[in-house]
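Just so we're clear, the structure is a prediction, and the values are computed from it rather than from any experiment.
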Protein chains: 2
Amino acid sequence: MPAKRSYHHGELRAALIQASFDLLAESGLQRFSVAAVARRLAVSTAAPYRHFPDRAHLLGAVSTTAAHDLRAAIAEAAGAAGENPAERLAAVAGAYVRYVTRTGAGFHVIFAAELYQLHDEARREQTSALMTTLIDLATAAGRAYREAVPLVEATIAIGHGYASLYADGFFARKDATVDEIANRAVDAARTLISDWPRPGAPAGRRPA
Amino acid sequence: MPAKRSYHHGELRAALIQASFDLLAESGLQRFSVAAVARRLAVSTAAPYRHFPDRAHLLGAVSTTAAHDLRAAIAEAAGAAGENPAERLAAVAGAYVRYVTRTGAGFHVIFAAELYQLHDEARREQTSALMTTLIDLATAAGRAYREAVPLVEATIAIGHGYASLYADGFFARKDATVDEIANRAVDAARTLISDWPRPGAPAGRRPA
DNA sequence: GTCTATATCGAGATAGAC
DNA sequence: GTCTATCTCGATATAGAC
């Protein structure tokens, strides 16, 4: 095992992806830059381009990892939620909030418009697997098969909404922890799912 | 009334704010820049700085207008929703989706972190009025006063989640119109509000 | 009140040394 | 495989002419 002559020889690719996550978690996609990632690892701004041809490919690798890890987080949360299909789907919203808050890599990164023309088979597989997992959870919880997609959208929308507002500091009232926010997202998703696809009527359908 | 010798004499300030909205609606906060706003009006990149000392002050003016207009849109939607307090609050989620999709100026712009240290009394007034309107709607619909804030947060989170995913192209399946997305947000909010603050239990609390 | 011109900066990306 | 050096570009912001 040769002594490391400079910092990252041989591991820089993986280190760049990890540092990208750290940067996203701290500063968001807005401030993401290849140069900032390089700085964070104390390598030159040219070094990343030995491993990724351009910014989009680095972000694409982040997207691939994020899709994989988010799917794992979702599967784990569904498993922990027990047998009830609605409860399992509701748990997705909480897992989403926790994952995005921890990593900064939500759907806005995984499916970022700037990656649209990127051809990356590994990424396609991971994003596809992520969506399949979500659709499966929704199908199990849904009232009809064709409702699975909008049900997934609704669940993710709730998670994404809470996570985004949290990241933007909207819940800055001192008390709000990530887990609290995640629980609120789960509560909202659970309520929504239980009434899907016809939400409670404006009046009369439920006891006061 | 003097003839306009060059383009915007005397009206550039208002035109800059309007063009900022247009740019936000088309490209989002990510790509917002003072230079792009100037280009859009076919004035020099220096011209905006005669009216706003820096980028933050221009965005602050946009924030002020957005807070005012969003409040008006919300109030109108609540009015159109009738007398039922829960229905009036649910309508907020739909108004939010429509407003943000049309203008690009949601809470992430109105309460942008980069405006945090901006001291602007007009903006403070408008954001304050916006929040007051929201809290009032939630108080009327809420089960307890202290639930008003989290109830507003939940309603906005739903609207913000749908609006963000829509802006990011996640609903790009050809069918999704803005009004459809807004209606789904209202449905989700209505369901949530009707069960607030205790969402339907995982099992047994509601009829299948 | 707007222009042209310019200074500074950060970021993407490449060439060539080591 | 990483470095230094450099090019280009777009954005913020200022100075001074008109």
Colleague: Over how many whole Å does the gap from A:Leu41 atom CG to D:dC3 atom C1' extend?
Modeller: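 To the nearest whole Å, that distance equals 15 Å.
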
Colleague: Of all residues at least two apart in sequence or in a different chain, which pass the salt bridge (charged side-chain N to carboxylate O under 4.0 Å, His left out) check with B:Arg102?
Modeller: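 Listed in chain order: nothing, the list is empty.
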
Colleague: For A:His57 and C:dT14, give me the distance from atom NE2 to atom P, rounded to whole Å.
Modeller: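 Value for this atom pair: 12 Å.
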
Colleague: For B:Thr133, enumerate each residue passing the side-chain hydrogen bond (donor to acceptor under 3.5 Å, both in side chains) test, keeping only those at least two apart in sequence or located in another chain.
Modeller: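 For B:Thr133, the residues satisfying side-chain hydrogen bond (donor to acceptor under 3.5 Å, both in side chains) (neighbours in sequence not counted) are B:Arg71.
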
Colleague: Which residues pass the ring-ring contact (aromatic ring centres under 6.0 Å, His included) test with A:Tyr99, sequence neighbours left out?
Modeller: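 Once residues adjacent in sequence are excluded, A:Tyr99 has no partner under the ring-ring contact (aromatic ring centres under 6.0 Å, His included) criterion.
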
Colleague: With sequence neighbours excluded, tell me which residues meet salt bridge (charged side-chain N to carboxylate O under 4.0 Å, His left out) with A:Arg55.
Modeller: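 In terms of salt bridge (charged side-chain N to carboxylate O under 4.0 Å, His left out), with neighbours along the sequence ignored, A:Arg55 is linked to A:Glu114.
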
Colleague: Side chains of residues 42-53 of chain A: which donor-acceptor pairs under 3.5 Å do they make with residues two or more places apart or in other chains?
Modeller:
| unit_1 | atom_1 | unit_2 | atom_2 | d |
| --- | --- | --- | --- | --- |
| A:Ser44 | OG | A:Ala46 | N | 3.3 |
| A:Ser44 | OG | A:Ala47 | N | 3.2 |

Colleague: Rounded to the nearest angstrom, tell me the gap between atom NE2 in A:His51 and atom P in C:dT14.
Modeller: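 Taking NE2 of A:His51 and P of C:dT14, I get 15 Å after rounding.
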
Colleague: Each nucleotide in nucleotides 4-18 of chain D should get exactly one letter: B, S or -. Can you fill that in based on protein heavy atoms under 4.0 Å?
Modeller: B------SSBB-B--

